[in-house]
Amino acid sequence: VLPGDVAATQALQRIEFSGIDRLERAGYALGSQTGIYAVATAAIIALALARKITDIALIMAALALRSTNPWIKELIASPRPPPDLVHVAANATGDPGSYGFPSGHVMGAALIYGTLIYLARAHIRRPHLYHAIYALAPTAIAVTALSRIYSGAHWPSDAVGGLLWGCALLFAVIVALRSVERRMRQRPGSGGEA
């Protein structure tokens with residue numbers, strides 16, 4: 001347990017307002033495998049209609065990188081919050097005995113919603129749609145992170161770790177894909193520079 005994890009979790013769990021349970025469930029759904037795949041599928045369909053094959057590859061890579069989370073968890077081997085320190089909701093834990101760092105929900109949310117932010121900047125020209133994605137995607141990441149802490153499924157450091165791992169992996173794959181695109185455009189006969 002890192003310094004501040006227990007105090008921050010307890011402070012968050014003391015927050016009460018009508019709808020907090022619905023917000024927690026929404027955060028869980030947004031970062032769940034089902035939620036991530038639903039958003040990714042919708043984005044892939046939109047990109048396929050626009051014939052943006054490289055961007056489809058970016059989303060597929062983000063989904064593939066999300067699957068590395070269990071390996072990272074095994075490597076770090078950081079335990080989840082115990083019920084003797086914070087409230088742990090009945091549906092909060094992952095697989096029995098699974099580790100907490102980094103949060104898979106938050107890592108997946110950072111990868112997929114972060115990809116949407118990147119693609120919106122690259123392709124969307126309608127200001128209202130662009131601004132909507134720029135508002136909703138970070139909100140989805142934040143709600144996912146807060147819901148995992150509020151439910152007692154993860155420490156705040158697990159959520160921050162999921163965010164940082166997701167962003168770092170996304171950055172790496174964007175750099176790699178854009179580098180491949182540049183090389184392909186520069187090949188003789190590709191219509192780019194020779």
Restricting to pairs with a member in [range], which pass side-chain hydrogen bond (donor to acceptor under 3.5 Å, both in side chains), not counting sequence neighbours?
range            : value
residues 157-172 : Asp5-Ser157, His154-Asp158
residues 130-146 : none
residues 37-53   : none
residues 166-178 : Asp55-Arg178, Tyr118-Arg178, Arg178-Glu181

### Query
From Glu24 CD over to Leu12 CG, what is the distance, rounded to the nearest 0.5 angstrom?
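Spacing of CD (Glu24) from CG (Leu12) equals 10.0 Å.
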### Query
Under a single-linkage rule joining Ile, Leu, Val, Met, Phe, Trp and Tyr whose side-chain heavy atoms are separated by less than 4.5 Å, which residues share a cluster with Ile45?
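Noted: Ile45 shares its cluster with Leu49.
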#### Entry: ILVMFWY clustering at 4.5 Å (side-chain atoms), partners of Leu75
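For Leu75, no cluster forms, as it stays isolated from other hydrophobic side chains.
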Please report the shortest heavy-atom distance between [X] and [Y], naming the atom on each side.
X      : Y      : result
Ala159 : Ile149 : CB-CD1, 3.9 Å
Ala62  : Ile112 : CB-CD1, 3.9 Å
Leu23  : Ser147 : O-CB, 4.5 Å
Ala110 : Gly166 : CB-CA, 4.0 Å
Gly31  : Ile36  : O-CG1, 3.7 Å

### Task
With sequence neighbours left out, write down each residue that passes side chain to side chain donor-acceptor pair (under 3.5 Å) with Ser179, or none if nothing qualifies.
Arg183
### Message
Enumerate the salt bridge (charged side-chain N to carboxylate O under 4.0 Å, His left out) contacts for residues 113-137, please, sequence neighbours excluded, ordered by first and then second residue.
### Response
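The answer is none; no pair qualifies.
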Which residues satisfy the side chain to side chain contact (heavy atoms under 4.5 Å, CB included) test with [X], sequence neighbours excluded?
X      : result
Ala43  : Ile59, Leu116
Ile76  : Ile72, Ser78, Phe101
Pro82  : Asp84, Leu85, Trp155
Leu170 : Leu58, Leu111, Thr115, Val173, Ile174

### Task
May I ask you to check whether over 12 heavy atoms, not counting those of Gln10, lie within 6.0 Å of atom CD?
yes
Keeping [X] on the side-chain end and [Y] on the backbone end, is there a donor-acceptor pair under 3.5 Å?
X      : Y      : value
Gln13  : His87  : yes
Arg66  : Gly104 : yes
Tyr113 : Leu30  : yes

